[in-house]
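Side chains included, hydrogens not; waters and symmetry mates left out as well; all remaining heavy atoms used.
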Amino acid sequence: MKITLLTGQTFKIANSCGFDIKIIRSSTAKRLTLRIDEKNRRPILTIPSRCSSKRASAFIEEHKDWISNMLAQIPQTKKFFNGQNISLMGRAVQIVHFPKQRGNILEQNILKIGGDEKFFHRRVCDFIKETAHKELNQRSFIKAKQLGCQINRICLKDTKSRWGSCSNKNNINYNWRIALAPDFVIDYLVSHEVSHLAHQDHSQNFWICVQNLCPNYSEGRKWLKTHGKQLYAYA
């Protein structure tokens with residue numbers, strides 16, 4: 001196994017486990033901790049500043065099976081392809097490549113992507129993000145109005161694990177991949193984040209608020225927990 005420190009220094013561990021791991025030395029960490037960076041498909045080990053390389057190596061060896069199992073559960077990276085059927089903001093859409101076409105157009109249920117094939121995936125992603133930003137804005141402001149709350153700003157993010165967030169400044173962030181989920185899932189997420197405008201916690205009053213905005217919210221919440229990771233395969 002090869003370990004890379006934030007300083008760029010590397011050292012090798014005997015009995016290779018077959019994957020790279022990122023090491024973060026922290027002056028505030030009190031113990032060794034492991035987590036998985038799903039976006040970059042590698043584990044991250046945080047170690048106290050005075051922890052020895054020998055102890056760090058032993059800790060990784062102790063948890064190598066856990067690391068392998070967690071990495072194996074991460075879906076393989078996917079690219080959008082010509083002829084693919086997707087759900088775009090709850091609408092069934094087929095992606096079709098038109099090389100000689102300028103720009104990208106959604107006509108009826110066909111998403112027409114123009115330009116060179118090597119830019120196909122990126123252009124599909126760009127179109128999805130543009131569509132998602134517009135529609136998530138509309139949905140969010142409608143629900144915020146129902147609560148009598150104000151939204152300051154809405155942004156789309158390429159987050160590693162979170163589907164959404166709402167700050168105490170009334171800024172809402174959404175993961176762009178939510179645009180690929182079924183409509184009832186999108187409705188749940190919007191209701192969840194908008195409810196944080198009124199309740200910056202996950203108290204009982206918060207969940208009552210979510211239910212008022214989205215009566216079947218539990219179905220959307222369950223879908224994200226069960227199938228959400230599949231959407232993270234698109235990078």
- Compute whether any side-chain donor of one residue and acceptor of the other, for Asn205 and Ser203, lie under 3.5 angstrom apart. no
If the threshold is 4.0 Å, N to carboxylate O, is there a salt bridge linking [X] and [Y]?
| X | Y | result |
| --- | --- | --- |
| Glu61 | Lys64 | yes |
| Arg41 | Asp37 | no |
| Glu62 | Arg55 | yes |

Heavy-atom check, side chain of [X] versus side chain of [Y], under 4.5 Å:
| X | Y | value |
| --- | --- | --- |
| Ile105 | Phe127 | no |
| His196 | His202 | yes |
| Cys166 | Asn171 | no |
| Val93 | Asn85 | no |
| Glu193 | Tyr174 | yes |
| Met89 | Thr131 | yes |

[Y] ring center within less than 6.0 Å of [X] ring center:
| X | Y | answer |
| --- | --- | --- |
| Phe206 | His192 | yes |
| Trp207 | Tyr217 | yes |
| Phe80 | Tyr234 | yes |
| Trp163 | Tyr232 | yes |

I need the [X] [atom1] to [Y] [atom2] distance, nearest 0.5 Å.
| X | Y | atom1 | atom2 | result |
| --- | --- | --- | --- | --- |
| Leu189 | Arg139 | CG | CZ | 10.5 Å |
| Lys118 | Asp116 | NZ | CG | 5.5 Å |
| Ile178 | Leu224 | CD1 | CG | 4.5 Å |
| Leu197 | Ile172 | CG | CD1 | 4.5 Å |

Applying a strict under-4.5 Å side-chain criterion to I, L, V, M, F, W and Y, I'd like to know whether [X] and [Y] cluster together.
| X | Y | answer |
| --- | --- | --- |
| Leu45 | Leu71 | yes |
| Phe184 | Leu213 | yes |
| Ile95 | Phe98 | no |
| Trp66 | Ile47 | yes |

If every non-hydrogen atom of [X] is compared with every non-hydrogen atom of [Y], which pair is closest and at what distance?
| X | Y | answer |
| --- | --- | --- |
| Ala29 | Thr46 | CB-CG2, 4.0 Å |
| Leu156 | Ala132 | CD2-CB, 3.7 Å |
| Gln150 | Asn170 | O-ND2, 2.9 Å |

- Matching residue for Lys112 among Glu107, His97, Gln94 - test: side chain to side chain contact (heavy atoms under 4.5 Å, CB included):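 Only match with Lys112 under side chain to side chain contact (heavy atoms under 4.5 Å, CB included): Glu107.
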- Evaluate whether atom CZ of Arg122 has more than 12 neighbouring non-hydrogen atoms of other residues, nucleotides or ligands under 6.0 angstrom away. yes
